[in-house]
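Below: the structure, in structure tokens.
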Amino acid sequence: MTDRSSRKPWGGRFAEATDTSVEAYTASIGHDARLYRQDIAGSIAHARMLQRAGVLTEAECRAIVEGLEAIRAEIEAGAFPWSEALEDVHMNIEARLTERIGEAGKKLHTGRSRNDQVATDLRLYLREAIDRLRAELRRLQEGLLELAEREAETIMPGYTHLQVAQPVTFGHHLMAWFEMFQRDRERLADCRRRTNRLPLGAAALAGTTFPIDRRYVAEQLGFEGLCANSLDAVSDRDFAIEFAAAASLVMMHLSRCCEELILWTSPAFGFVELPDRYCTGSSIMPQKKNPDVAELTRGKSAAVFGDLMALLTLMKAQPLAYNRDNQEDKPALFHAVDTTQAAVALFADLVPHLQVRRGRMREAAREGFATATDLADYLVRKGVPFRDAHEAVGRAVRRALELGRDLAELPLEELRAFSPAIGEDVYEVLTLEGSVAARDHEGGTAPRRVREAVARAREHLAAEP
Ligand code: ARG
């Protein structure tokens with residue numbers, strides 16, 4: 001291997017070998033080897049374009065394409081001799097190509113630089129990663145729709161300040177989660193459009209003197225367009241930052257859902273139960289069943305936010321065009337990709353298996369005076385100004401607390417003491433079912449509106465490619 005590595009592709013200008021500590025410090029092969037498929041695809045497209053432009057002969061192009069395909073197989077078989085001295089995935093593959101096919105291999109890099117090469121690889125990689133993540137988010141959303149439909153009538157307490165506020169349906173709550181992930185998927189689709197542009201042709205920074213055809217390369221690689229400016233093409237990492245921002249929002253949303261699962265699975269709530277296979281135990285307390293997957297997802301969001309900060313800080317104040325700083329984009333980007341993908345996948349697996357404790361949810365809504373606003377609204381309908389109604393109901397709640405009862409359990413005479421406008425019909429509005437059914441408008445919690453929202457969401461998903 002010393003033999004291969006002493007032949008650095010850029011070695012001509014140097015009078016002595018690179019210090020081994022510098023080799024170790026500057027190498028990126030430890031993390032960028034995962035770009036091999038994209039690197040090879042980009043090289044094949046580039047070689048075909050060079051042949052069309054008359055820079056490579058047909059035989060040279062064929063040797064290069066076959067050589068690169070053999071290298072891909074070699075990598076996938078785990079037989080590729082990766083070398084740190086050859087710095088990165090690009091030089092490792094190029095050096096290997098020349099080892100395998102000889103002279104023609106040395107012509108591949110014509111009209112190209114690692115600067116536009118790495119930007120191309122990264123965009124191809126991220127495009128796939130976005131597609132994978134969007135597919136997983138969609139699977140999660142489909143699970144949420146199933147569950148929301150099933151739980152469209154299930155009453156639970158809705159909270160503000162984590163205090164019981166008004167009754168909602170569990171289906172409605174799940175559809176709130178659905179909306180978060182819908183926005184995430186939209187954001188990722190938007191990020192994909194800007195990611196999907198071709199940098200190749202920018203070469204090191206200024207373009208190339210060869211008669212290249214960038215549109216032909218873009219077409220082969222499925223890019224929607226070209227990076228318009230060569231300096232920007234090699235230095236732009238906005239797409240990575242945008243992805244990290246979108247991934248951070250996904251993780252933030254997951255952390256909120258997970259926080260709710262953690263609360264709901266605690267015996268104090270007891271709203272849902274997770275299957276044993278998604279939980280872990282305690283080494284000391286035999287009774288424990290801990291929601292570790294949810295906790296870890298909440299915890300892992302931290303490092304993805306860190307990836308966003310790392311990428312922003314990496315790019316801040318960089319002069320045009322390419323700087324070696326950019327090599328540090330990969331650990332952050334790959335970490336954000338891997339963590340978010342794994343978190344969404346696990347959550348998508350988990351959601352269909354949530355065991356819902358409808359009785360506990362209902363009980364919690366009943367205990368918390370969740371229909372107090374309904375009583376105030378009732379008084380308003382009887383002609384009482386809202387502020388006076390609010391005051392009267394507040395006093396009624398205080399009385400009910402003293403008696404240790406729910407509002408619906410107070411006798412009519414007791415209730416009428418707070419407002420003479422209260423009549424026999426008051427008990428209809430004090431029921432939990434009446435309360436949710438009355439919130440019957442688009443975006444409301446009424447069971448029929450939840451079913452409508454599920455149906456609309458299904459149509460929307462079906463209409464997407
Ligand atoms: N490994 C480098 C990176 O990840 C590739 C580009 C290096 N270009 C250079 N001129 N040293 O950014």
Side-chain angles (χ1 to χ4, degrees), residues 4-5 7-14 17-43 45-46 68 71 75 80 82-97 106 108-129 195 197-208 227 230-241 243-244 307 310-338:
R4 302 176 70 224
S5 53
R7 294 192 312 254
K8 294 227 192 283
W10 41 257
R13 185 234 178 276
F14 289 79
T18 319
D19 196 281
T20 49
S21 65
V22 171
E23 276 183 349
Y25 192 72
T26 56
S28 58
I29 193 61
H31 43 257
D32 66 18
R34 76 156 82 184
L35 295 175
Y36 77 89
R37 270 193 308 112
Q38 293 77 16
D39 197 69
I40 288 171
S43 288
H46 179 68
L68 287 169
I71 287 172
I75 294 171
F80 187 88
W82 295 108
S83 156
E84 192 170 76
L86 287 166
E87 280 186 37
D88 53 26
V89 66
H90 325 294
M91 296 212 306
N92 266 272
I93 290 176
E94 193 193 322
R96 184 74 181 143
L97 180 68
K106 297 188 195 165
L108 170 62
H109 211 52
T110 313
R112 177 177 87 164
S113 154
R114 277 185 295 155
N115 299 351
D116 57 347
Q117 190 179 354
V118 69
T120 302
D121 293 4
L122 215 49
R123 284 171 183 265
L124 286 172
Y125 171 86
L126 190 58
R127 189 175 79 182
E128 281 179 39
T195 301
R197 311 244 168 96
L198 175 78
L200 271 182
L205 76 167
T208 171
C227 297
S230 67
L231 296 171
D232 186 45
V234 290
S235 72
D236 171 28
R237 293 293 183 273
D238 291 5
F239 57 93
I241 298 174
F243 175 82
D307 297 329
L311 288 167
L312 278 171
T313 313
L314 178 72
M315 293 312 294
K316 177 187 175 296
Q318 265 197 49
L320 288 171
Y322 175 87
N323 301 283
R324 191 65 180 269
D325 313 39
N326 286 6
Q327 182 166 292
E328 295 296 311
D329 59 3
K330 285 165 214 70
L333 181 64
F334 294 162
H335 178 267
V337 166
D338 293 346

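Starting from 1, each residue takes its place in the sequence as its number. Each ligand, and each atom within it, is numbered from 1 in the order the structure gives.
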Spell out, as yes or no, whether a donor-acceptor pair under 3.5 Å connects the side chain of N323 to the backbone of P319.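 Yes, because the side chain of N323 sits within donor-acceptor range (under 3.5 Å) of the backbone of P319.
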Which pairs count as salt bridge (charged side-chain N to carboxylate O under 4.0 Å, His left out) when at least one residue sits in residues 310-326, sequence neighbours excluded?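 Qualifying pairs, neighbours excluded: E87-R324.
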R114 vs Y322, side chain to side chain donor-acceptor pair (under 3.5 Å): CA-CA, chis, key distance, verdict: CA-CA 10 Å; R114 277 185 295 155; Y322 175 87; over 6 Å; no
For ligand 1, give me the residues whose heavy-atom distance to it is below 4.0 Å, by chain and number please.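 S28, D88, H90, R114, N115, V118, Y322, R324, Q327, K330.
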Excluding sequence neighbours, so at least two apart, what forms salt bridge (Lys or Arg N to Asp or Glu O under 4.0 Å) with E128?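 By the salt bridge (Lys or Arg N to Asp or Glu O under 4.0 Å) rule, E128 matches R37.
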So, D88 versus Q327: side-chain donor-acceptor pair below 3.5 Å or not?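 Side chains of D88 and Q327: no pair found under 3.5 Å.
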Contacts of type side chain to side chain contact (heavy atoms under 4.5 Å, CB included), residue A33, not counting sequence neighbours: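 I29, W82.
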